[in-house]
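Everything below concerns the one structure shown next.
Atoms considered below: every heavy atom in the structure, side chains included; atoms not considered: hydrogens, waters and symmetry mates. Per chain, numbering begins at 1; letters A, B, ... match sequence-line order.
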Amino acid sequence: MDFEQSLRRTRSASVSARSYAAGSKEMTVRDALNSAIDEEMSADPKVFVMGEEVGQYQGAYKITKGLLEKYGPERVYDTPITEAGFTGIGVGAAYAGLKPVVEFMTFNFSMQAIDHIINSAAKSNYMSAGQINVPIVFRGPNGAAAGVGAQHSQCYAAWYASVPGLKVLAPYSAEDARGLLKAAIRDPDPVVFLENELLYGESFPISEEALDSSFCLPIGKAKIERQGKDVTIVTFSKMVGFALKAAEKLAEEGISAEVINLRSIRPLDRATINASVRKTSRLVTVEEGFPQHGVCAEICASVVEESFSYLDAPVERIAGADVPMPYAANLERLALPQVEDIVRAAKRACYRSK
Amino acid sequence: MALSRLSSRSTTLLQPLATTSLLRRRRHISTDTTPITVETSLPFTSHLISPPSRAVETSSQELLSFFRDMALMRRMEIAADSLYKAKLIRGFCHLYDGQEAVAIGMEAAITKRDAIITSYRDHCTFLGRGGGLFEAFSELMGRTTGCSKGKGGSMHFYKKDASFYGGHGIVGAQAPLGCGLAFAQKYSKEEAVTFTLYGDGAANQGQLFEALNIAALWDLPAVLVCENNHYGMGTAEWRSAKSPAYFKRGDYVPGLKVDGMDALAVKQACKFAKEHALKNGPIGSNHHAFAFVFEQILEMDTYRYHGHSMSDPGSTYRTRDEISGVRQVRDPIDRVRKLIISHDIATEKELKDMEKEVRKEVDAAVAQAKESPIPEPSELFSNIYVKGFGAESFGADRKELRATFP
């Protein structure tokens with residue numbers, strides 16, 4: 001029996017099994033990303049991987065583990081520590097029709113290459129009136145890790161998501177990671193794929209459907225992780241986990257929170273967000289990045305513009321503190337959103353005292 | 001296939017030391033400053049310039065101070081390793097053990113008015129500039145007594161009063177910054193130079209070449225020091241550089257290749273480079289083609305015993321035999337130890353006692369740092385600006401925590 005046949009058989013088995021038991025398979029985000037890249041490389045010979053330590057070292061965070069052994073040095077390239085150079089080379093390869101998956105060891109280092117991401121990749125399809133599209137994926141860990149200091153902790157979601165011509169995705173779960181990365185690699189436009197280092201080792205339940213090699217999630221659609229009726233909490237990446245914990249705490253106090261996982265920062269699913277706020281009348285937005293001109297600011301603007309008369313309370317923003325990331329553990333904790341911040345903001349939106 | 005290449009490369013890293021000295025005479029234990037002349041382990045290889053002599057002038061006092069200071073640096077890094085494993089140090093921690101001779105040799109050739117800027121592998125550089133063990137360990141453990149008040153961390157040590165400008169996390173960023181320091185020194189007519197340290201990984205960065213070009217064009221008193229420890233994280237020099245002869249990569253900029261495990265060779269090279277950079281001073285406009293270039297590249301052939309950082313075992317891309325081989329044959333502290341003993345400056349036991357003292361000093365600093373307080377929450381908002389214009393800053397919940405800048 002070949003692999004495809006066995007997958008189809010397990011899938012049909014799980015369809016009937018679903019009515020008896022929840023999916024019992026779990027997968028880490030790391031394995032989800034690794035399997036996604038592997039499957040897309042297998043399916044399309046134009047897909048190749050490039051970045052620092054992605055090959056022989058097996059990946060700085062082991063996301064590309066095993067790929068060099070499986071596909072060889074013509075598909076997996078270890079680069080020197082020169083982001084501007086290798087990113088430009090990746091974009092050039094994409095101009096010529098190849099499909100590079102460029103890894104930044106963290107998105108902080110993408111600043112060395114940002115001219116190529118914005119000016120060489122994002123704008124090319126427009127400037128050439130459709131002659132030159134750029135099917136490239138820029139991926140890597142984004143945002144804060146633990147104790148890595150000011151130069152290694154910034155979130156770039158707002159910066160990249162403000163640029164027309166780019167698509168910006170931010171997975172949370174293993175299913176998000178698989179579906180969104182596969183969609184990104186297949187997409188004909190440049191995609192900035194923002195992962196999170198602290199999520200790599202986290203395990204999530206994964207469905208048989210998500211394990212299939214043809215699995216793909218739509219770009220530009222948010223996911224309602226938890227249904228609710230009193231307040232809408234919108235966020236992405238690691239903060240989705242925090243928002244779900246906050247929702248549990250709020251439920252204990254009789255507040256029913258709806259948690260939306262954006263999945264896609266650009267295009268932003270304004271329809272899902274606004275539909276939810278029209279239902280609950282209250283909005284709390286959460287992100288790890290700096291507050292001024294952040295992702296939350298855009299979401300709040302969209303809701304105030306589109307759903308003003310539905311709002312029963314001012315919109316709320318919980319974000320990273322407006323400071324460079326401090327190293328000391330106690331200061332770092334103060335600089336990042338915590339579950340209690342989200343709970344407090346949701347209660348404020350419900351006009352409930354602390 | 002990769003491993004056999006590794007071992008053939010290893011033999012070039014294990015050049016045996018030639019510990020010949022030009023003077024052998026029985027001496028009493030002393031902190032004597034009478035000149036002793038010692039030959040460097042290897043001759044200097046040069047590019048576009050005549051190299052300095054292999055004969056280095058030193059003294060009993062200097063050799064003993066080299067030994068003690070390098071032993072202190074070594075002990076500090078080993079203590080940091082333990083603290084990281086005990087989770088008292090978080091995030092990234094890049095250790096310098098094996099590379100001490102570069103920091104020590106450089107300090108012996110320059111003054112605190114000369115500036116130094118380096119990468120994230122900065123603990124020992126900080127110590128060399130006069131930084132204290134207590135400030136270092138406090139910073140590593142995120143305490144308010146740290147050299148950056150606990151807000152910087154391992155990669156962001158600074159000591160401005162000793163012209164040490166950090167401590168930089170982004171590979172290669174310190175190259176233009178260092179040339180900028182040299183620019184300021186020339187602009188203010190300071191008769192001082194800047195030593196910019198970068199690694200073999202950073203040596204391929206475009207910004208290095210951009211800064212090098214401008215520094216040469218504008219006659220800046222910049223000395224670029226490539227600390228070639230042969231591995232950029234997990235990638236060996238031959239896998240990242242078409243030409244790993246880093247001292248030649250300045251093209252029109254003269255360069256010197258130095259045994260970076262020999263503190264005296266490092267001192268000689270840095271002294272030579274500083275004199276070269278200050279020679280003739282800025283004589284008005286000097287923009288002819290092929291005119292005298294004040295800038296210089298020093299490639300220090302050195303080695304790090306630890307992996308790239310504490311998250312890297314350091315043994316997946318190089319053999320343990322290579323690491324122990326370098327330690328046995330080229331260790332910088334052992335080299336000075338042998339010199340001290342062969343010149344009868346001190347006995348082996350005396351040196352071991354000195355190492356024991358150093359260990360106690362480090363242990364005491366660690367213990368003191370462990371008891372130090374963590375920063376006050378208000379420190380979250382301090383030092384963002386010098387001049388805040390009464391602007392507001394916010395915590396994670398902007399309605400709960402805000403601050404106004406003075």
Query - Contact class of A/Ala145 relative to chain B, heavy atoms under 4.5 angstrom - result: neither
Query raised in the report: Heavy atoms, side chains only, cut-off 4.5 Å: are A/Gln56 and B/Tyr317 in contact?
Result: no
Report task. Mind ranking A/Ile342, A/Val323, A/Thr79, A/Asn108 by heavy-atom pairs under 4.5 Å with chain B and telling me who comes out on top? Result -> A/Val323
Query raised in the report: Can you tell me how far the OG atom of B/Ser393 sits from the CZ atom of A/Phe290, to the nearest 0.5 Å?
Result: 10.0 Å
Query raised in the report: Take atom NZ in A/Lys62; do more than 12 heavy atoms of anything else shown fall under 6.0 Å from it?
Result: yes
Query raised in the report: How many angstroms lie between atom CZ of A/Arg317 and atom CZ of B/Phe394, to the nearest 0.5 angstrom?
Result: 8.0 Å
Requested in this report: Could you tell me which portion of A/Phe86 (side chain, backbone, both or neither) has an atom closer than 4.5 angstrom to a non-hydrogen atom of chain B?
Outcome: neither
Report summary line: Under 4.5 Å to a heavy atom of chain B? For A/Met325 that would be backbone
Query raised in the report: Can you say whether A/Asp341 sits under 4.5 Å from chain B via the side chain, the backbone, both, or neither, judging by heavy atoms?
Result: both
Query - Shortest non-hydrogen contact between B/Ile170 and A/Gln112, atoms and distance - result: CG2-NE2, 3.5 Å
Query - Side chain, backbone, both or neither of A/Leu336 within contact of chain B (heavy atoms, under 4.5 Å) - result: backbone
Query - Closest-packed option against chain A by number of heavy-atom pairs under 4.5 Å, given B/Glu379, B/Lys399, B/Met155 - result: B/Lys399
Query raised in the report: Measuring from A/Leu334:CG to B/Asp397:CG, what's the distance to the nearest 0.5 Å?
Result: 12.0 Å
Requested in this report: Against chain A, label B/Leu140 side chain, backbone, both or neither, depending on which of its atoms sit under 4.5 Å from a heavy atom there.
Outcome: backbone
Report summary line: To the nearest 0.5 Å, atom CD of A/Glu332 lies from atom CZ of B/Arg90 at 4.5 Å
Query raised in the report: Is the CD atom of A/Glu69 crowded by more than 12 outside heavy atoms at less than 6.0 Å?
Result: yes
Report summary line: Minimal heavy-atom distance between A/Pro80 and B/Ser240, with the atoms involved, is CG-O, 3.5 Å
Query raised in the report: What closest approach, in Å, do B/Gly91 and A/Val148 show between heavy atoms, and which atom pair accounts for it?
Result: CA-CG1, 4.0 Å
Report summary line: Honestly, the part of A/Ala84 sitting under 4.5 Å from a heavy atom of chain B is neither
Query raised in the report: In Å and rounded to the nearest 0.5 Å, what is the CD to OH distance from A/Gln151 to B/Tyr120?
Result: 12.0 Å
Query - Nearest-0.5 Å distance, OH of residue A/Tyr327 to CE of residue B/Met141 - result: 9.0 Å
Query raised in the report: Mind checking whether A/His152 and B/Phe92 have parallel, tilted or perpendicular rings, split at 30° and 60°?
Result: perpendicular
Query - Step-by-step side-chain contact (heavy atoms from CB on, under 4.5 Å) determination, A/Tyr57 to B/Asp312 - result: CA-CA 10 Å; A/Tyr57 196 83; B/Asp312 170 32; 3.0 Å; yes
Requested in this report: Could you tell me which portion of B/Ile384 (side chain, backbone, both or neither) has an atom closer than 4.5 angstrom to a non-hydrogen atom of chain A?
Outcome: side chain
Query - Whether A/Thr82 side chain and B/Asn204 backbone form a donor-acceptor pair below 3.5 Å - result: no
Report task. Indicate whether the side chain of A/Glu53 and that of B/Thr235 have a donor and an acceptor atom separated by less than 3.5 Å. Result -> yes
Query raised in the report: More than 12 non-hydrogen atoms from neighbouring residues, nucleotides or ligands closer than 6.0 Å to CD on B/Glu392, yes or no?
Result: yes
Query - Under 4.5 Å from a heavy atom of chain B, the part of A/Glu316 involved - result: side chain
Query raised in the report: What closest approach, in Å, do B/Pro375 and A/Ala328 show between heavy atoms, and which atom pair accounts for it?
Result: CG-CB, 3.6 Å
